[in-house]
Amino acid sequence: MVSIMPCLDMQNGRVVKGVHFVDIADAGDPVECAQAYCAAGADALAMLDITATVENRPTLVRVVRDVAKVCTVPFTVGGGIGDVKAAAAVLEAGADKVSISSAAYRRPELIPELIHEFGADKVTVAIDVDINPALPSGYEVYIDGGRTATGCDALEWAKRMDDSGVPVILPTSKAGDGARTGYDLPVIRAMAGACRAQIVASGGAGKMEDFLAAVKAGATILLAASVFHFRLIEIPALKRYLKENGVAVRL
């Protein structure tokens, strides 16, 4: 079964959307967006506080609490979650899962700590990636909201996180983010082939065919933002399209 996951990128309490992690534009109120997506048939919802890490502050727990009150599907929150205490605050505010990216890279033992404290089903590892032909997989891990190159091979990092027991890995292509040119299929294919975890397709969806291509590459969770925020694609129509093309979805 494939899941559709709209993503609310948050900045200053508002939903925003950028291109290649920059050129940020306002896309609405998070509570209103969450309500609309749940009503439209989203299977899950993600919310990412995109500047929490670089501003060295925790996720906006107030916004998490407000969205959780209206959210009727599993709700994943990321951004600025750097330790067990911060994760606990987000989960207590109503999130179903936490997504960890930069903090996991800086302190890999955080992932086993979170799994031990809350259970594996509460933890997702997000990996921002960009092309680097010098690395074995051709992709490099970025942290700090895509601002900082690490020199680490993205596929090797994904395998390390998979070995830690995390059940969901969310790679986002910096090159594809917001560009609507299609998901980075080689990343999805490589991680799906090397990891036991579910792989989330993220960064670049522009048309329905892109979602189908991601499923064929091995993704089981399809995340998108701008095409949903700006109503270029409606979730019910996307699900019908996927079903007509042989993909198991919840209608």
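A donor-acceptor pair under 3.5 Å is absent between the side-chain atoms of H229 and the main chain of L8, judged by distance alone. Of the possible polar contacts, none joining the D162 side chain to the A158 backbone as a donor-acceptor pair under 3.5 Å is found. In this structure, the side chain of R147 engages the main chain of D144 through a donor-acceptor pair within 3.5 Å. A donor-acceptor pair under 3.5 Å links the side-chain atoms of S101 to the main chain of A126, judged by distance alone. T150 places a side-chain N or O within 3.5 Å of a backbone atom of V141 that can act as its donor or acceptor partner.
For the atom pair K243 NZ and L238 CG, the distance stands at 13.5 Å (nearest 0.5 Å). In this structure, I115 CD1 and S164 OG are separated by 4.5 Å, a value rounded to the nearest 0.5 Å. Between atom CG of residue L223 and atom OG of residue S202 there is a gap of 4.5 Å, rounded to the nearest 0.5 Å.
Under a hydrophobic clustering in which Ile, Leu, Val, Met, Phe, Trp and Tyr are joined whenever their side-chain heavy atoms come within less than 4.5 Å, directly or via other members, L110 and V168 fall into different clusters. By the rule that hydrophobic residues join a cluster once side-chain heavy atoms approach within less than 4.5 Å of another member, F228 and V200 end up as members of separate clusters. Note on V73: it clusters hydrophobically with V64, by side-chain heavy-atom contacts below 4.5 Å among ILVMFWY residues. Using a 4.5 Å cut-off between side-chain heavy atoms of Ile, Leu, Val, Met, Phe, Trp and Tyr, with links allowed through other members, I233 and V2 fall into the same hydrophobic cluster.
Using a 4.5 Å heavy-atom threshold, the side chains of R160 and P108 count as touching. Looking at heavy atoms from C-beta onward, V98 lies out of side-chain contact with T76 at the 4.5 angstrom threshold. The side-chain heavy atoms of I127 and L170, taken from C-beta on, include no pair separated by under 4.5 Å.
The existence of a salt bridge linking K159 and D153 is excluded, since no basic side-chain nitrogen approaches an acidic carboxylate oxygen closer than 4.0 Å. A salt bridge does not link D128 to K174: none of the charged nitrogens lies less than 4.0 Å from a carboxylate oxygen. Taking 4.0 Å as the cut-off between side-chain N and carboxylate O, R107 and D83 do not count as a salt-bridged pair. Using a 4.0 Å cut-off between charged side-chain N and carboxylate O, R180 and D210 make no salt bridge.
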Worked verdict on F75 versus M47 for side-chain contact (heavy atoms from CB on, under 4.5 Å): CA-CA 8 Å; F75 176 36; M47 191 174 86; 3.6 Å; yes
Walk me through it: do Y241 and V247 pass the test side-chain contact (heavy atoms from CB on, under 4.5 Å)? CA-CA 9 Å; Y241 168 81; V247 178; over 6 Å; no
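Atom CZ of R250 has more than 12 neighbouring heavy atoms from other residues, nucleotides or ligands inside a 6.0 Å radius.
Aromatic ring centroids of F211 and Y183 lie under 6.0 Å apart.
S99 and T124 share no side-chain donor-acceptor pair at under 3.5 Å.
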